[in-house]
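Notes to accompany the following structure.
All chains are named by letter (A, B, ...) in the order of the sequence lines, taking the proteins before the strands, and each is independently numbered beginning at 1.
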Amino acid sequence: MTIKAPRGTNDILPPASFKWNYIEKHAHEICRRYNYQEIRTPIFEHTELFARGIGEATDIVQKEMYTFTDKSDRSITLRPEGTAPVARAFLEHKLYGKALPKKFFYFGPMFRYERPQAGRYRQFHQFGVEVIGSDAPDVDVEIITLGIDFIEEFGFEDYYVEINSIGCPECRPSYLEELKTYLAGKEELCENCQERLKTNPLRVLDCKSPVCQEIVSEAPVITDYLCPDCQENFSQVKQGLEKLKLDFKEVPTLVRGLDYYTNTVFEVKSDELGAQDAIFSGGRYNGLLEEIGDRDIPATGFALGLERLEILLEEAAREFGDDLQVYITTIGEEAEAESLDILHRLRQAGYSADRDYGGRSVGSQMKDADRKNSRYCLIIGSEELKAGEVNLRDMKSGEEESVPLDGILEQMSKVFEPEP
RNA sequence: GUGGAUGUAGCUCAGUUGGUUAGAGCGCAGGAUUGUGGAUCCUGAGGCCGAGGGUUCGAAACCCUUCAUCCACCCCA
């Protein structure tokens with residue numbers, strides 16, 4: 001029995017890796033434009049960071065973390081998300097002493113122990129941004145725009161934006177009371193929601209059961225209970241999005257599964273993703289820094305699922321690979337010996353170049369060149385070699401021309417001159 | 001953690017009520033063309049039929065267990 005990758009993990013092989021490369025390149029580019037800087041935090045952290053940051057009662061902490069004890073009996077957890085670690089790093093390095101806000105982005109693997117399904121894995125990758133040290137609504141607008149710009153970069157437009165505000169510790173409790181009172185007598189709620197009613201009543205709002213949805217549709221709406229500050233904040237976020245002509249839908253039942261969210265929360269979804277339909281989502285988390293540290297610093301951010309983005313790119317069916325520029329075909333032993341040097345010179349000059357290593361027939365080598373999508377084929381024949389020449393074949397047109405051995409690089413620079 | 005579907009060649013899949021040497025297409029290797037790719041034709045390599053156990057004279061097929069994949073629930077990116 002050969003060893004296989006653990007459940008819910010994936011190898012990223014060529015040509016899929018080209019696509020990942022392309023995605024990462026564009027994420028960096030978008031962040032450069034928005035002036036977000038990369039931060040890299042450890043893959044594992046003290047378990048306590050997530051327990052306190054994400055919330056002891058959340059599903060992530062309750063049942064989805066990869067937690068283990070290291071050799072010194074410390075409880076360690078593979079990070080299930082990126083926000084808490086970034087906040088931790090911010091506090092640990094006392095970045096609040098610098099000009100605020102700090103705008104970060106990160107890339108990397110996250111780990112959650114769940115049953116895999118479409119768009120959901122045990123090791124998955126996120127691209128995320130975090131802005132720490134500002135409670136300006138324009139910042140919330142900015143991160144949403146950044147995310148949208150990013151996915152549109154791929155020519156993908158089949159998405160929709162949902163937003164809501166879940167208030168602050170000042171105004172949320174009064175809403176929760178109203179909600180509990182309303183839901184209290186509803187015996188028809190599903191089993192899950194009966195439980196949620198006790199632990200986290202907000203979650204009843206986004207239950208998928210039709211019965212619960214029916215009940216919820218009549219429930220009090222959180223945005224009616226926001227305090228004046230939260231109301232003002234939310235309306236400014238909406239105004240900002242409108243000003244940028246960014247379509248969004250206000251969804252009063254949108255709540256998030258992580259405890260640290262406050263005020264604006266949002267999800268950007270696609271119908272092409274199956275049941276796990278969020279491409280990226282996030283919101284404001286003004287309470288997190290105080291929860292894991294001792295400073296009350298406002299922050300906002302989002303995380304984007306790269307595997308999900310990749311699924312959408314698959315639909316778009318684009319080519320991300322770089323074709324080979326030159327393939328060297330040799331005829332005879334002398335030519336093969338000569339090719340070693342020519343190949344090296346081409347590569348040093350910056351061309352992508354390759355050859356066959358198996359001493360195969362010319363026909364086989366040409367076939368190989370074709371399969372590698374080589375733009376040109378440099379054919380080194382024993383006869384021509386004596387005259388100090390090689391043949392350069394254009395693999396698209398099939399035309400071939402004779403080039404002096406010491407003029408190869410010059411010829412290549414002509415041939416690959418950027419088209420006007 | 002729960003439910004459903006599926007595991008046969010590198011890939012996509014056939015395989016009759018259980019019957020002896022397990023097939024196709026694509027891909028791969030070689031050749032037709034001993035010095036020139038894409039088309040065509042020929043030849044070839046490649047399988048512990050996911051793994052383990054059971055039933056049977058006989059199992060890819062039936063039963064049990066297990067692992068994995070896909071889909072959905074829970075939840076989330």
Handout entry: Upstream residue (5' side of RNA chain B) when Cys207(A) and Gly363(A) are each assigned their closest nucleotide
Key = Gly363(A)

Problem - First of Glu114(A) and Ile380(A) reached from the 5' end of RNA chain B, by closest nucleotide - result: Ile380(A)

Mark yes or no for a side-chain to base donor-acceptor pair under 3.5 Å between [X] and [N], with no hydrogen or angle criteria applied.
X         : N      : result
Arg308(A) : C76(B) : yes
Arg7(A)   : U69(B) : no
Glu400(A) : U36(B) : yes
Arg371(A) : G27(B) : no
Glu384(A) : G35(B) : yes

Does [X] place a side-chain N or O at less than 4.0 Å from the phosphate oxygens OP1/OP2 of [N]?
X         : N      : result
Ser281(A) : C76(B) : no
Arg203(A) : C76(B) : yes
Thr58(A)  : C76(B) : no
Ser361(A) : G31(B) : yes
Gln117(A) : C73(B) : yes
Arg360(A) : G30(B) : yes

Just to be sure I understand the rule, does [X] reach a base, reach only the sugar-phosphate, or reach nothing, if contact means heavy atoms closer than 4.0 Å?
X         : result
Glu81(A)  : nothing
Gly398(A) : base
Arg112(A) : base
Gly119(A) : base
Phe302(A) : nothing
Leu306(A) : nothing
Gly147(A) : nothing
Ala369(A) : nothing
Thr329(A) : nothing
Ile331(A) : base
Ser374(A) : nothing

Exercise for the section: Walk me through it: do Asp354(A) and Lys372(A) pass the test salt bridge (Lys or Arg N to Asp or Glu O under 4.0 Å)? Expected result: CA-CA 9 Å; Asp354(A) 211 346; Lys372(A) 288 184 163 74; 5.1 Å; no

What is the separation between atom [atom1] on [X] and atom [atom2] on [N], rounded to the nearest whole Å?
X         : N      : atom1 : atom2 : result
Lys4(A)   : U69(B) : NZ    : P     : 8 Å
Asp368(A) : G27(B) : CG    : C1'   : 14 Å
Met366(A) : G30(B) : CE    : P     : 15 Å
Phe150(A) : A77(B) : CZ    : C1'   : 13 Å
Tyr121(A) : C70(B) : OH    : P     : 6 Å
Asn391(A) : G37(B) : CG    : C1'   : 15 Å
Ile279(A) : A77(B) : CD1   : C1'   : 10 Å
Asp11(A)  : A68(B) : CG    : C1'   : 14 Å

For nucleotides [N] and [M], find the distance between their [atom1] atoms and express it as a whole number of Å.
N      : M      : atom1 : value
U6(B)  : C62(B) : P     : 11 Å
A45(B) : A60(B) : C1'   : 23 Å
C11(B) : G18(B) : C1'   : 29 Å
G47(B) : U8(B)  : C1'   : 8 Å
U56(B) : C74(B) : C1'   : 44 Å
A24(B) : C42(B) : P     : 13 Å
A14(B) : C26(B) : C1'   : 14 Å
G31(B) : A68(B) : C1'   : 41 Å

Exercise for the section: Write down the partner of G38(B) under the Watson-Crick or G-U wobble criteria, each distance required to be under 3.5 Å. Expected result: none

Exercise for the section: Would you mind pulling out the nucleotide paired to A9(B), Watson-Crick or G-U wobble, both distances under 3.5 Å? Expected result: none

Determine whether [X] and [Y] make a side-chain contact, defined as any pair of heavy atoms from C-beta on separated by less than 4.5 Å.
X         : Y         : result
Phe111(A) : Pro80(A)  : no
Ser281(A) : Phe302(A) : no
Asn391(A) : Leu378(A) : no

Handout entry: Verify stack between Phe124(A) ring and A77(B) base, 5.5 Å, 30 degrees
Key = yes

Candidate nucleotides [options], ranked by approach to the side chain of [X] - the nearest:
X         : options                : answer
Arg256(A) : A77(B), G31(B), C74(B) : A77(B)
Ala118(A) : A72(B), G30(B), A77(B) : A72(B)
Gln276(A) : A77(B), U36(B), C76(B) : C76(B)
Lys63(A)  : C76(B), U36(B), C74(B) : C74(B)
Arg120(A) : A77(B), U36(B), C71(B) : A77(B)
Met395(A) : A77(B), C74(B), G37(B) : G37(B)
Pro116(A) : C70(B), C73(B), G35(B) : C70(B)

Does the plane of the ring in [X] sit parallel, tilted or perpendicular to the ring in [Y]? Use 30° and 60° as the thresholds.
X         : Y         : result
Phe154(A) : Phe150(A) : perpendicular
Phe156(A) : Tyr159(A) : tilted
Tyr66(A)  : Tyr113(A) : perpendicular

Handout entry: Side chain Ser382(A), main chain Gly332(A), donor-acceptor under 3.5 Å
Key = no

Exercise for the section: Tell me yes or no: between the side chains of Asn263(A) and Tyr285(A), is some donor less than 3.5 Å from an acceptor? Expected result: no

Handout entry: Steps toward salt bridge (Lys or Arg N to Asp or Glu O under 4.0 Å) verdict (Glu336(A), Arg355(A))
Key = CA-CA 10 Å; Glu336(A) 197 170 338; Arg355(A) 57 170 279 208; 3.3 Å; yes

